[in-house]
Peer 1: 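Sharing a structure, written as structure tokens. Questions coming.
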Amino acid sequence: MEITKVLVANRGEIAVRIMTACQEMGIATVGVYSDVDAKSPHVEMADESYPLGDPTPSASYLNMDKLIDIAKKTGANAVHPGYGFLSENSKFAQTCADAGLKFIGPSAEVIDSMGDKIAAKRTMRKAGVPVIPGFTGEEKGETIQQACERIGFPVLIKASGGGGGKGMKIVHAMGELDAAIQSARREAKSSFGNDELLLEKYLAKPRHIEFQILADEFGNVVHLFERECSIQRRHQKVIEETPSVALDQNLRDKMGQAAILAAKTIGYSNAGTVEFMLDADKKFYFLEMNTRLQVEHAITEMTTGIDIVKWQIKIASGEHLTLEQEKLIQHGHAIECRIYAEDPEKNFMPSTGTLKTVELPTGMNIRHDTGISQGSKISPYYDPMLAKLIVYGEDRKDASRKMEWALSNYIALGVTTNIPFLRAIVHHPAFASGDLDTHFIETYFKSWAASTTLPPEVLIAAAIDDFKHSAIVDDSENSQAENESHSPWKQVGRWRIDS
Amino acid sequence: MEITKVLVANRGEIAVRIMTACQEMGIATVGVYSDVDAKSPHVEMADESYPLGDPTPSASYLNMDKLIDIAKKTGANAVHPGYGFLSENSKFAQTCADAGLKFIGPSAEVIDSMGDKIAAKRTMRKAGVPVIPGFTGEEKGETIQQACERIGFPVLIKASGGGGGKGMKIVHAMGELDAAIQSARREAKSSFGNDELLLEKYLAKPRHIEFQILADEFGNVVHLFERECSIQRRHQKVIEETPSVALDQNLRDKMGQAAILAAKTIGYSNAGTVEFMLDADKKFYFLEMNTRLQVEHAITEMTTGIDIVKWQIKIASGEHLTLEQEKLIQHGHAIECRIYAEDPEKNFMPSTGTLKTVELPTGMNIRHDTGISQGSKISPYYDPMLAKLIVYGEDRKDASRKMEWALSNYIALGVTTNIPFLRAIVHHPAFASGDLDTHFIETYFKSWAASTTLPPEVLIAAAIDDFKHSAIVDDSENSQAENESHSPWKQVGRWRIDS
Amino acid sequence: MEMQYEYEGKMYPVKISREGEQFKVGVGDKTFVVDYKELKPGFITLNIGGKITKCNIATEDNQRHIFINGNVYRFNKVEAGMKQASFDKLPSSITSPISGKVTVVGAKDGEIVNSGHVILTIEAMKMEYQIKAPYAGKIEKVCFKTGDQVDIGVLLVEMEKEEAGAPKKEE
Amino acid sequence: MEMQYEYEGKMYPVKISREGEQFKVGVGDKTFVVDYKELKPGFITLNIGGKITKCNIATEDNQRHIFINGNVYRFNKVEAGMKQASFDKLPSSITSPISGKVTVVGAKDGEIVNSGHVILTIEAMKMEYQIKAPYAGKIEKVCFKTGDQVDIGVLLVEMEKEEAGAPKKEE
């Protein structure tokens, strides 16, 4: 089926990313936006955009009826769900199919088979993919407490219905178990509408290593190598990189083959990610499969030259995968930092407000995927990720240095961001040595705070700026603004300016 | 010698490019600017910037005394000349050396050996590098007219003292010769202060293929593959790409080896480019060597992952080349379009003015090297190149499509640009087929003009905009401007705005 | 309300009125009903019968630069009373499209030249540009001599057009 | 001219005067002679005795956000007369740092709590955030109940600080 018009059922940077791919391929795009997103870049980017109203996710980006309705009305013949929102919702995939719209992703059945984390592990164990010891509900007659005793503390509680760190809790002793279960159920219910939990062995110093998969609708599957996503905070990835220093060619091949096996086992099609935990002894375990595009797909694109989103569309159009595993190579090193509107010094509390000044670091091999721009209002309705900053270098050291430079030149004033925190991580000797595990932040940045010393330059700059503006107010009768024509290019320069 | 502070003796995009590399490497930068460039991005980018005064090149960017003086005063210990200006001036290289400043480029002797195009060809012919038949002054007792008869028309007249298309003339018959010589001498004199000319066989349907070289100061040389720069207008490159569809692996190896031989023959060090002509029979001829960084170096960076400017600095610091020819690979395909402020419909007359609106295409694998920004004034003093738009794709078709998308989304209002012309080229079937030669533009775009049909949407947009603004003027007592605070983030939005 | 625009020497009158949230715009013999949305300053979308067009507009005095579908259209808004003046004046003078130095003067005051005759050569940015006669006619005055510096927009040459209807000097 | 800035609870007075093209700025017991250059709005460079610093400034009302050397400093300009008011008010109330929904209320009106006691849990962006007592003291009023939607900046809790010098209720 030729895809001619795609409704992008998402917002922010990923909506922009998908629309760019469509436009390059000559495919028309339909954007959607909730009230608070009316002025977002993805709205401008789309060939046409339609309102979803109330910003509450359930009323807007999760509202299947509205989305299907707009797709039908505009003549779209495919839907790209992006990540988050409805991207792993099998009912949405099915509803699209029923409405004659190609869902750009795997089938509803495949989403279902991996959406239930317990069933997913069961399937993988049967297929011969290594799986972490745990409690998945199939152990007959065992209570969650008995399972903890069998597996041994610490254990990890996770929501069965979804990922992204929501509903995850680490439990170190039996006494903490009940409280953790309650809190996890509450978060799981609210995030996924399903409070079923699962339990697994909590590994010491594990790395999070995932493999990007591309599979066509004819059973051909390749992997695009690994991504190391060990730097996490509360199970949310913060910094990702590829290749991983923990993998040699032999282990990379083995894990890649396991990832392909996982995909083939469930008849996977389109782009997906097989997540593994890698322990200190270089043993790896299947963790889960994300049946969608991932936030961190860009680092794979930087090191393989492959456009994953375009391949998603080509695969959904029924094209054969022309990439061959033997010919695929990784080159150089890529790192991604997720820029969040949050305050690292205040327990990473999301920060809201207006982005007043945005000056981005630019240069070769710096990629900046964002759905916000100067003047954007950061609302509390959605994920506080502002942008993804991705760099590529000849090797890991070169890429790290470029990332440090880019973070140091990333000016975003108006909302509090995690940029100083990201800089501190990239600058840390443990990061430089590549000695990463999923406890990295907890180990090195438990109660991190930026220096509170105020350099005198800061006060000097503020005082001069205030001095100059107070001077202008005094003779403002004569303000330049009055003399300027009302042309759009006068947007360069603030209107009450003294130079 | 450790390079700690670099004076960048240039302006525009290349100054920004070099400063970024320095900053990533932790090296301090000194910028210089003529009066008209006082608000240019490279001035902001540098750690410190100093004025050169009068914008006339000889008084500013070509003024060795001022440059050396600023370098000494600021404690710089190296100078990067960029391209153009003093980059191929051996006297400047020597003056820097004499002042204890490391010139980031080859030695004065090497520059000299390649700066005289006649001597350069003589050297290469002796070393066994194929050279095009021509008149280089060494043919005893031969007049330029006799040489024309020996070689056969058409012949190409070139300035001996410099490149860039200045002073170049094609002569098809003896009757045109005298006028062409006069005009070429005038241009050569004005551009290079030297009106010596040389003459060579003018090839039918030749391609311009050049090889990027990196050489350290210990005799190690690698090539970073070819660039095809056949799309030229008046011998100025317009669109470049790599790899070239004209080369197979065998020819690529042979030409690469010839390029390395050329570099080794003259004891070359630092980055350089060996230019060849490739004729329809796949025979190649040494054309000249550019002893500096080139405008189009970025496409090589995109397809090899190597940062050529950083290597220039590392080589100048005395580091050994750690790149090995056998391990170097090309991946994907990159294309560069040079965005000029010129009017393709009016004989490519340079256009001056103020860039009023600039909205750039952004996205993965789109690189935009520029030294201008919204509000920049384009002056007639320097080269009218505004920016370089570089894209990377999985293959040539993917890259071409991305370039077409990027050009179609490149909004630069205020000065006339060649963007519609570039789009027409990239869209042309002859470009798509890869059937390029240096007469491409002459063949297909001799008297190209954009369509003069005015779509009704243009008039509708203008009329509504004017209608809305005329309405505002009527009740402007109440203009929003009066109520806004004088904060810098009000720079978003024109001040007399009706929405 | 009626506006006049001039593009490539042709005049385009446009009629416009507001109808609630929409605009009714008459161009030529067609009338369009338009939904207009300003996304940000100078960046607008038009919805004309379901067909959506995105445009960027930059305005300076009477100049309009509009970017639509990858093309830039540069034209002028013509104010009442101004039309006559600007159109009578243009054909009799040639202004410099570039700033640079005059290197060759190829015509004398009073000389009769053909269309395409090179009147002046200007060197700018190290390239030579030729100022050619836009039509056959008489050179009234060449305002600069070799070596002079000229600025963009200055009057270079005054010329009198050889009228098609007028008696010709030679056949 | 003298300005007062407040950063992380501390006051910084700054004296400033213009001396020709330069500024003389007194911070603490030091005086700096500063060359100031505005490259574009909000983007300035300071030259202090040859050392060049680039800064970006964004201003809104009394807030100042300044970017220097990769760090962002957020602080307030304190106007005469305003200082007292804002500083007396802050310690007795806790405002919401986020918009979201109250999921748990962990203290009652009149309750004595220790520093760090979780008074409210707010769910926002699918994560839970805890509002803790910034000091030991008495809860005067919890302004919301479970299920309530709260907006960023609203008053959540009024509290009375247990004064260090005042008699303590228990040891």
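Here is the naming used below: chain letters follow the sequence lines, and residue numbers restart at 1 for every chain. Side chains included, hydrogens not; waters and symmetry mates left out as well; all remaining heavy atoms used.
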Peer 1: Please report the interatomic distance CD1(C/Ile122) to CE(B/Met349), rounded to the nearest 0.5 Å.
Peer 2: 7.5 Å
Peer 1: Let me have the donor-acceptor pairs involving side chains of residues 454-461 of chain B, under 3.5 Å, with sequence neighbours excluded, atom names and distances please.
Peer 2:
residue	atom	partner	partner atom	Å
B/Glu457	OE2	C/Lys51	NZ	3.1

Peer 1: Write down the atom of C/Phe75, the atom of B/Ala462, and the distance for their closest heavy-atom approach.
Peer 2: CZ-CB, 3.7 Å
Peer 1: Heavy-atom distance under 4.5 Å to chain C: side chain of B/Thr417, backbone, both or neither?
Peer 2: neither
Peer 1: Does any non-hydrogen side-chain atom of C/Asn71 lie less than 4.5 Å from one of B/Arg423?
Peer 2: yes
Peer 1: Can you spot which of B/Asp465, B/Ile464, B/Asp466 makes a side-chain contact (heavy atoms from CB on, under 4.5 Å) with C/Ile57?
Peer 2: B/Asp465
Peer 1: Heavy-atom count check: over 12 atoms from other residues, nucleotides or ligands less than 6.0 Å from C/Glu8 CD?
Peer 2: yes
Peer 1: Does C/Asn69, at its CG atom, have more than 12 non-hydrogen atoms belonging to other residues, nucleotides or ligands within less than 6.0 Å?
Peer 2: no
Peer 1: Rounded to the nearest 0.5 Å, what separates atom OG1 in B/Thr453 from atom OH in C/Tyr7?
Peer 2: 8.0 Å
Peer 1: So how far is it from C/His65 NE2 to B/Lys356 NZ, rounded to the nearest 0.5 Å?
Peer 2: 5.5 Å
Peer 1: Can you give me the closest heavy-atom contact between C/Met3 and B/Phe467, atom names plus distance?
Peer 2: CE-N, 3.5 Å
Peer 1: Looking at B/His428, I want to see if its NE2 is surrounded by more than 12 non-hydrogen atoms of other residues, nucleotides or ligands under 6.0 Å.
Peer 2: yes
Peer 1: Test C/Phe67 against every option in B/Asn409, B/Thr357, B/Ile411 by the side-chain contact (heavy atoms from CB on, under 4.5 Å) rule and name the one that passes.
Peer 2: B/Ile411
